[in-house]
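Since the structure comes first, as C-alpha cells, the remarks are kept for the end.
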Amino acid sequence: MCRLFALHSDRPVTADLWLLDAPYSLLNQSRFNADGTGLGWIDEEGRPRIRKRPVAAYESEAFTDFATTLRTRAMIAHLRLSSGTGHCEENTHPFLQDGIISAHNGVLEVTDEMRQRVAELDAAQHVQGSTDSEWMAALITGEVAAHGGDLRDGVTAALRWITAHVPVYSVNVLVMKGEELIAVRLPATNELWILERPAAVDAQDRVLEQSSDSLALRARSEDPRGARSVVVASEPLDDDPAWRLLDSGELVHLTPGGQVRSERPFGPLAHALSIEDLGLSAAASQAHAAQARAHADRRRNLAAGASLQTALETTPESATSTPLAGTDITAGAESARPDESAENAA
C-alpha cells in the first residue's frame with residue numbers, strides 16, 4: 001500500500017534521517033512502493049511546493065540529492081503503490097490544490113454522488129488524474145474553502161461526508177496548509193503512527209542519532225537535537241518505543257505554533273469495504289505479502305523494545321545490577337502491544 005510521511009518542526013530542518021538513513025526509511029520502503037515518489041513542503045518564503053515523479057525513490061538519484069538539501073519546518077512525503085490507475089505525474093501524490101498539500105493511503109469508491117459534491121463545492125477543476133485520492137483531495141480543498149479557509153473544519157467536514165456517503169476501505173490522509181498539518185487514520189484498516197520528539201535543552205549542539213538493534217544500523221542527522229519535532233508515518237521508521245499508533249478515527253492537528261491536538265470527530269463508516277470487496281489491483285495494492293511480513297517483524301521489535309524500557313523504568317535501584325542478558329525480550333511481544341489493525345493482513 002502507499003506510504004505516508006510528515007514532519008513538523010519548530011525550526012527549519014532536513015529530513016534526510018527519516019527519508020534516507022533511518023533503519024526503516026522511506027528509501028527502504030520504496031522497494032515495496034515503487035509506482036511514484038513525491039514531496040510537498042513549505043519553502044523559506046511560506047509558499048507551498050511539491051516535487052513528484054512516477055518513479056521509485058530507490059531508483060531516483062534526484063530524490064536522494066533533494067532529500068539531503070531540503071530544509072523546511074513542515075513537509076509531506078508519499079510513496080505510491082498503484083491500486084490500478086496509471087503511472088503518471090498526475091496520479092502521483094502529494095496533490096497541491098489552492099495552496100493545500102495532501103496525500104492519501106487507502107482506497108475509497110468515487111461515486112457519482114461524490115463527483116457531484118465536489119462540483120457543488122466548485123473544486124472539480126482541481127482533478128487532473130484518475131485516482132480516488134485526488135477526488136478526495138478536491139473534496140477537502142472545496143470544504144476548506146467553504147469553511148472560510150479553516151483547515152481543521154474543512155478536513156473534518158470532508159471526511160464526515162465521506163464516512164456518510166462513500167464506500168471506504170481506508171482514508172488515511174495527511175493535509176497541510178502553510179505550517180498547519182492534519183493527519184487522520186480512518187478507520188483502523190491501515191496503520192498510521194506518530195512520534196513526538198521534544199527539544200533536548202541540554203543537547204543544543206549534539207547531532208541526532210538513531211539506531212536499530214534489529215538491523216544493526218545507525219543513522220546520524222546533522223540537525224541539532226534542540227529542535228522540537230513531530231513525525232507521522234505509515235510505519236515507525238526506527239525502533240524508538242515512543243512511536244504511538246493512532247486510534248481508529250483519530251485526527252491529529254499540528255498547529256503552526258507546534259501544538260499537538262488529538263480528537264476523534266468521526267462516526268462509523270456507513271459503507272465500510274473489506275479487502276474482499278476491492279478489485280484485484282486495488283486489493284493487491286493493500287495486501288503486499290512481503291510488506292505484511294516486514295510489518296509483523298516491526299511490531300514484534302517495537303513491542304520488545306517497549307517491554308524492555310518498561311522493565312528498566314520499574315526496576316528498583318537496588319536491583320539495577322541484575323543482568324538482563326538472559327532475558328528473552330521477544331517472548332510475549334505481541335501481548336505487549338496487541339495487534340489492533342487489519343493492516344497486518346495487508
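Bear in mind the structure is a predicted one, so any value in this text is a computation, not a measurement. If you read the sequence from its start, that first residue is 1, and numbering goes on from there.
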Next on the checklist: Do N190 and N105 pair up side chain to side chain, a donor and an acceptor below 3.5 Å, judged on atom types alone?
Outcome noted: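 There is such a pair between these side chains.
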
Item to check | Geometric class of the H165/W161 ring pair [parallel <30°, tilted 30-60°, perpendicular >60°] | outcome: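 Aromatic pair W161/H165 classed parallel.
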
Checklist entry - How far apart are the C-alpha atoms of L19 and F63, what are their side-chain angles, what is the distance that settles it, and do they pass the side chain to side chain contact (heavy atoms under 4.5 Å, CB included) test? => result CA-CA 9 Å; L19 298 179; F63 174 78; 4.2 Å; yes

Checklist entry - Quick one: CG on L39 to CG on L70, what's the gap to the nearest 0.5 Å? => result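 Result: 7.0 Å between the selected atoms.
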
Just by distance, do the side chain of [X] and the backbone of [Y] share a donor-acceptor pair under 3.5 Å?
X: K52; Y: H78; value: no
X: T72; Y: I42; value: yes
X: D16; Y: L20; value: no
X: T111; Y: M114; value: yes
X: R3; Y: L79; value: no
X: T141; Y: A137; value: yes
X: Q259; Y: P256; value: no

Checklist entry - H147: what forms a ring-ring contact (aromatic ring centres under 6.0 Å, His included) with it, not counting sequence neighbours? => result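 So H147 forms no ring-ring contact (aromatic ring centres under 6.0 Å, His included) with any residue.
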
Checklist entry - Which residues pass the salt bridge (charged side-chain N to carboxylate O under 4.0 Å, His left out) test with E250, sequence neighbours left out? => result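 Salt bridge (charged side-chain N to carboxylate O under 4.0 Å, His left out) list for E250, sorted by chain: R244, R264.
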
Item to check | Sub-4.5 Å side-chain heavy-atom contact between R152 and R261 | outcome: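 No - every pair of side-chain heavy atoms lies 4.5 Å or more apart.
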
Checklist entry - Between M75 and F5, is any pair of side-chain heavy atoms under 4.5 Å apart? => result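 When only atoms from C-beta onward are counted, F5 and M75 do touch, with a gap below 4.5 Å.
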
Checklist entry - Are V232 and V171 joined in one hydrophobic group, where the rule is that I, L, V, M, F, W and Y side chains link up if heavy atoms are under 4.5 Å apart? => result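 No, it is not one cluster - the side chains of V232 and V171 are not joined through contacts under 4.5 Å.
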
Checklist entry - Between E143 and R117, is there a side-chain N and carboxylate O pair less than 4.0 Å apart? => result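 So E143 pairs with R117 through a salt bridge.
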
